Number of protein chains: 2
Amino acid sequence: MYIFEVYQQVMGNSKLYKGSLHTIILKLLEENGKMYGYEITQKVKEITKGELQITEGALYPALHKLESEDLLDVEVAKVDNRMRKYYKLTEKGSIETVNKLKELEQYIRNMQVLVNPKWSIE
Amino acid sequence: MYIFEVYQQVMGNSKLYKGSLHTIILKLLEENGKMYGYEITQKVKEITKGELQITEGALYPALHKLESEDLLDVEVAKVDNRMRKYYKLTEKGSIETVNKLKELEQYIRNMQVLVNPKWSIE
DNA sequence: ATCTTATGCATAAGAAAATTATGTATATAT
DNA sequence: ATATATACATAATTTTCTTATGCATAAGAT
């Protein structure tokens, strides 16, 4: 019996993803209106061509946290006899999304000048 | 008596910096040959125009970790009667620097397509 | 002269955010 | 039948910071 182990390439394959999960979730919800947890993991996997796999242990606590901060609204649905919890941005969440994206852009800018002083900051 | 508090803007002002300290240190050492801890904090502050302040509580343990992984060599010096510990990349450290920079580029690419599907990945 | 700020290192306690490991349950494919 | 996919949840542990100390010398300000 042969066992082919598939190494799950999780967030933190490169540790850099640490701290960017909330930004990712908020932006995907801004883009797609409403999504449920599992859908988010699949979307991220698809967009990054499998490079970034969000683990459930990170995702669900993050969604709960964002909800508790009134950045997300939840709506429970039953599809094919399976539960789904659809999340969407609140008004506060939309504002926070803009802030988080600005922080991301600034972070990227700073990292670029730190690691490559020759790059222009346009 | 008036007290003007200066709020130190530390790493994690935006949480995104979590996980990027090792990359920053390695790249600065690649760029500058050898540096001591305090010098690194000042260089980062200068390059990011004060936006990113590396705290000592993060920096020194990080340097010790990199040293223990044989990525850095240390050389102690005494300048103006004060101790300095100069760090430089080992051969292994140089290789790891290249890897970390590739990971950073990939991270930035992935985040860009995640947050802005319209951006080109060049 | 004295006090503050800057330089330079170090470590311990606590918090935050992930990983890893479980657990439950239904649907689908082999 | 059995494994995989779908869909949620949480607890234990680890990693990586922040915050709070501690020590020591030099330089600048009042």
Side-chain angles (χ1 to χ4, degrees), chain A residues 1-25 35-46 52-69 74-87 100 107, chain B residues 1 3-25 35-46 52-69 74-87 107:
Chain A
M1 185 207 205
Y2 298 96
I3 300 179
F4 296 93
E5 290 196 38
V6 177
Y7 292 99
Q8 205 190 5
Q9 206 171 4
V10 288
M11 277 223 355
N13 135 53
S14 154
K15 291 162 189 166
L16 297 165
Y17 294 94
K18 261 178 200 291
S20 43
L21 182 54
H22 284 205
T23 304
I24 292 170
I25 293 171
M35 301 178 82
Y36 56 100
Y38 185 77
E39 188 184 7
I40 291 174
T41 66
Q42 299 309 301
K43 194 74 177 176
V44 168
K45 188 155 75 168
E46 177 203 325
L52 176 54
Q53 302 239 155
I54 294 174
T55 56
E56 298 160 295
L59 178 69
Y60 293 114
L63 287 171
H64 300 160
K65 178 105 189 294
L66 292 169
E67 190 198 346
S68 77
E69 290 168 344
V74 193
E75 186 194 320
V76 179
K78 201 152 193 176
V79 179
D80 281 333
N81 208 33
R82 273 200 239 88
M83 180 178 51
R84 280 185 189 172
K85 289 179 78 173
Y86 281 97
Y87 291 90
K100 286 262 192 256
Y107 165 77
Chain B
M1 185 210 213
I3 300 178
F4 296 93
E5 290 197 38
V6 177
Y7 291 100
Q8 206 190 5
Q9 205 172 2
V10 289
M11 278 225 350
N13 134 54
S14 152
K15 290 162 190 167
L16 297 165
Y17 293 94
K18 244 183 208 299
S20 43
L21 182 53
H22 284 205
T23 304
I24 292 170
I25 292 171
M35 301 179 81
Y36 55 99
Y38 186 77
E39 188 184 7
I40 292 174
T41 66
Q42 299 309 301
K43 195 72 178 177
V44 168
K45 189 155 77 171
E46 177 202 326
L52 176 54
Q53 303 239 154
I54 295 175
T55 57
E56 298 160 295
L59 178 70
Y60 292 114
L63 287 171
H64 301 160
K65 180 104 188 296
L66 291 170
E67 190 198 345
S68 77
E69 289 168 345
V74 193
E75 185 194 320
V76 180
K78 201 153 192 173
V79 179
D80 281 333
N81 209 34
R82 273 200 238 89
M83 180 177 52
R84 280 185 189 172
K85 290 178 79 174
Y86 281 96
Y87 290 90
Y107 165 79

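We use all heavy atoms of the structure for the numbers below, so side chains are in, but hydrogens, waters and symmetry mates are not. Note that this is a predicted model, so its numbers are computed, not measured.
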Inset, instruction - Can you sort out the partners of Glu75(B) under side chain to side chain donor-acceptor pair (under 3.5 Å), two or more places apart, ordered by chain and number? - result: none
Inset, instruction - With heavy atoms under 4.0 Å as the rule, sort Lys78(B) into base, sugar-phosphate or nothing. - result: nothing
Legend entry - Which residues share a ring-ring contact (aromatic ring centres under 6.0 Å, His included) with Tyr107(A), sequence neighbours left out: Tyr17(B)
Inset, instruction - Flag the pair Leu52(A) / Ile24(A) as yes when at least one side-chain heavy-atom distance between them is below 4.5 Å, and no otherwise. - result: yes
Legend entry - Spacing of Lys18(A) atom NZ relative to dT14(D) atom P, expressed in whole Å: 13 Å
Inset, instruction - Measure from CG on Leu21(B) to P on dA18(C) and round the result to the nearest Å. - result: 18 Å
Inset, instruction - Apply side chain to side chain contact (heavy atoms under 4.5 Å, CB included) to Val79(A) and list each qualifying residue two or more places apart in sequence or on a separate chain. - result: Arg84(A)
Legend entry - Whole-Å distance separating the OH atom of Tyr17(A) from the C1' atom of dT15(D): 18 Å
Inset, instruction - Please state whether the phosphate of dG8(C), meaning OP1 or OP2, lies under 4.0 angstrom from any side-chain nitrogen or oxygen of Arg82(B). - result: yes
Inset, instruction - Look at Lys15(B) and dA17(C) and indicate whether a side-chain polar atom (N or O) is within less than 4.0 Å of OP1 or OP2. - result: yes
Inset, instruction - Could you name each residue pair satisfying salt bridge (charged side-chain N to carboxylate O under 4.0 Å, His left out) that touches residues 55-67 of chain A, not counting sequence neighbours? - result: Lys65(A)-Glu69(A)
Inset, instruction - Go along nucleotides 9-14 of chain C 5' to 3' and tag each nucleotide: B for a protein heavy atom under 4.0 Å from its base, S when only backbone or sugar atoms are that close, - otherwise. - result: BBB---
Inset, instruction - Please lay out, stage by stage, how Ile40(B) and Leu63(B) fare under the test side chain to side chain contact (heavy atoms under 4.5 Å, CB included). - result: CA-CA 11 Å; Ile40(B) 292 174; Leu63(B) 287 171; 4.3 Å; yes
Inset, instruction - Taking only the side-chain nitrogens and oxygens of Asn81(A), find out if one of them lies under 4.0 Å from OP1 or OP2 of dA25(C). - result: no
Inset, instruction - Grab the CG-C1' distance between Asp80(A) and dT28(C) for me, whole Å please. - result: 10 Å
Inset, instruction - Give the rounded distance in Å between these two atoms: CG of Leu16(B) and P of dT16(D). - result: 16 Å
Inset, instruction - Starting at atom NZ of Lys65(A), determine the distance to atom C1' of dA17(C), rounded to an integer number of angstrom. - result: 9 Å
Inset, instruction - Output the distance between atom CG (Leu16(A)) and atom CG (Leu21(B)), rounded to the nearest 0.5 Å. - result: 11.0 Å
Inset, instruction - Would you mind reading off the distance between Ile54(A) atom CD1 and dC8(D) atom C1', rounded to a whole angstrom? - result: 16 Å
